[in-house]
Amino acid sequence: MNLPNRITLARICLIPFLMVFLLVDFPFYPEPLQIGSLSLPYNQLVAAIIFVIAASTDGIDGYLARKNNMVTNLGKLLDPLADKLLVTAVLISLVEMGKLDSWIAVVIISREFAVTGLRQIALLDGSVVAASSWGKLKTVVQIIAIVLLLLNNFPFSYTGIQVDVIAVWAAALITIWSGVDYFIKNKNLLNLSKA
């Protein structure tokens, strides 16, 4: 178990803590943090911090694995799995909290499953579906949208502009397009005549 794989496992291990802070209503939580007219529950603030830490490990583990020639089959399995578990857990929690429409969560999660399936088909075919620039942009915009939802649109809540809503719509649209892009670029893997 090398260092990049340990970092990836740490990302997975952070997910239950994130869920606890988002969904468990402990009686000892202090009154929400008041920042001007914004009321931000401490559990959401802690959850946002945990999420940012977990999401940032995605780039770190991949960078270390490539830089130190430590890419392993276990890492190839765990890294995308950890990403999908993290995003899926938070999206479902946000739906439960009433902060995100369920259809948006379903669209984003469905795209993740579809692209994962495509990657599995590629592996069976002896090829690899590399991450695209659209896929990387999708990840960044999803993280921004999730953090803004967790922070109740802070700091943009003072401007009256619903940047969190804009970010969610951008995340949904980019997620859909990046999924379509993967399938267009890898349509040769879906040669139904071989089925």
Side-chain angles (χ1 to χ4, degrees), residues 6-64 79-113 134-179:
R6 286 183 182 148
I7 293 171
T8 304
L9 281 175
R11 181 157 79 251
I12 293 171
C13 291
L14 284 173
I15 295 170
F17 294 99
L18 180 62
M19 300 291 286
V20 165
F21 279 102
L22 285 177
L23 300 178
V24 178
D25 188 19
F26 291 113
F28 53 79
Y29 279 145
E31 290 297 314
L33 180 66
Q34 292 297 137
I35 308 171
S37 60
L38 175 71
S39 179
L40 179 63
Y42 280 96
N43 61 313
Q44 287 181 217
L45 178 60
V46 173
I49 292 168
I50 293 172
F51 177 75
V52 168
I53 291 169
S56 67
T57 64
D58 181 27
I60 295 168
D61 60 8
Y63 171 77
L64 289 174
D79 186 57
L81 177 64
D83 298 341
K84 285 159 186 52
L85 286 173
L86 178 66
V87 170
T88 300
V90 177
L91 291 177
I92 292 171
S93 299
L94 288 168
V95 170
E96 174 75 16
M97 296 165 68
K99 291 181 163 287
L100 182 67
D101 289 337
S102 58
W103 72 267
I104 292 178
V106 169
V107 164
I108 292 173
I109 294 167
S110 296
R111 179 266 184 209
E112 299 301 340
F113 278 112
W134 280 107
K136 291 174 184 175
L137 178 63
K138 175 264 314 177
T139 301
V140 171
V141 177
Q142 282 180 1
I143 290 169
I144 291 169
I146 288 169
V147 171
L148 286 172
L149 288 172
L150 290 174
L151 295 179
N152 295 344
N153 199 36
F154 178 79
F156 302 103
S157 52
Y158 295 111
T159 66
I161 302 170
Q162 292 184 302
V163 178
D164 55 349
V165 174
I166 295 168
V168 165
W169 276 98
L173 293 172
I174 293 169
T175 296
I176 292 167
W177 175 248
S178 70

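Just the heavy atoms: all of them, side chains too, but no hydrogens, waters or symmetry mates, feed the values below.
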Kindly write out the residues that satisfy side chain to side chain contact (heavy atoms under 4.5 Å, CB included) with V140, not counting sequence neighbours, or none if the list is empty. I144
Tell me which pairs pass side chain to side chain donor-acceptor pair (under 3.5 Å) where either residue lies in residues 89-104, with sequence neighbours left out. K99-N152
Applying salt bridge (charged side-chain N to carboxylate O under 4.0 Å, His left out), which residue pairs with at least one partner in residues 151-163 are found, sequence neighbours left out? none
For residues 141-165, which residue pairs pass the ring pair (Phe, Tyr, Trp, His ring centres under 6.0 Å) check, not counting sequence neighbours? none
Quick check: do L40 and P32 have side-chain heavy atoms less than 4.5 Å from each other? no
Correct closest heavy-atom pair for A145 and A171 would be CB-CB, 4.3 Å
Taking C-beta and beyond as the side chain, do I146 and L100 meet within less than 4.5 Å on heavy atoms? no
Throw together a table of side-chain donor-acceptor distances under 3.5 angstrom for residues 19-28, partners on residues two or more places apart or in other chains.
none

Show your working on side chain to side chain donor-acceptor pair (under 3.5 Å) between E112 and T88 and close with a plain yes or no. CA-CA 9 Å; E112 299 301 340; T88 300; over 6 Å; no
Listed partners of Q34 passing side-chain hydrogen bond (donor to acceptor under 3.5 Å, both in side chains), at least two apart: S39
What heavy-atom pair brings A172 and I104 nearest, and what distance separates the two atoms? CB-CG2, 4.3 Å
L91 to A105 - nearest heavy-atom pair and separation: CB-CB, 4.2 Å
Taking salt bridge (charged side-chain N to carboxylate O under 4.0 Å, His left out) as the cut-off, I'd like each qualifying pair that reaches into residues 44-63, sequence neighbours left out, listed once. R11-D58, R11-D61
Just jot down the salt bridge (charged side-chain N to carboxylate O under 4.0 Å, His left out) partners of K136, sequence neighbours excluded, or say none. none
To the nearest 0.5 Å, tell me how far L18 CG sits from I50 CD1. 6.0 Å
Closest contact, heavy atoms only, I15 versus A82: CD1-O, 4.4 Å
Interatomic spacing from CG in L94 to CD in Q44 - rounded to 0.5 Å: 8.5 Å
Who passes side chain to side chain contact (heavy atoms under 4.5 Å, CB included) against I53, sequence neighbours left out? L14, I49
Does the side chain of L64 come within less than 4.5 Å of I60's, by heavy atoms? yes
Which residue pairs satisfy the ring pair (Phe, Tyr, Trp, His ring centres under 6.0 Å) criterion with at least one member in residues 31-52, sequence neighbours excluded? none
What are the two closest non-hydrogen atoms of Q142 and T175, and how far apart are they? NE2-OG1, 3.0 Å
With sequence neighbours left out, write down each residue that passes side-chain hydrogen bond (donor to acceptor under 3.5 Å, both in side chains) with S178, or none if nothing qualifies. R111
Going from CG on L148 to CG on N153, what distance comes out if it is rounded to the nearest 0.5 angstrom? 6.0 Å
Set of residues satisfying salt bridge (charged side-chain N to carboxylate O under 4.0 Å, His left out) with respect to D164, sequence neighbours excluded: none
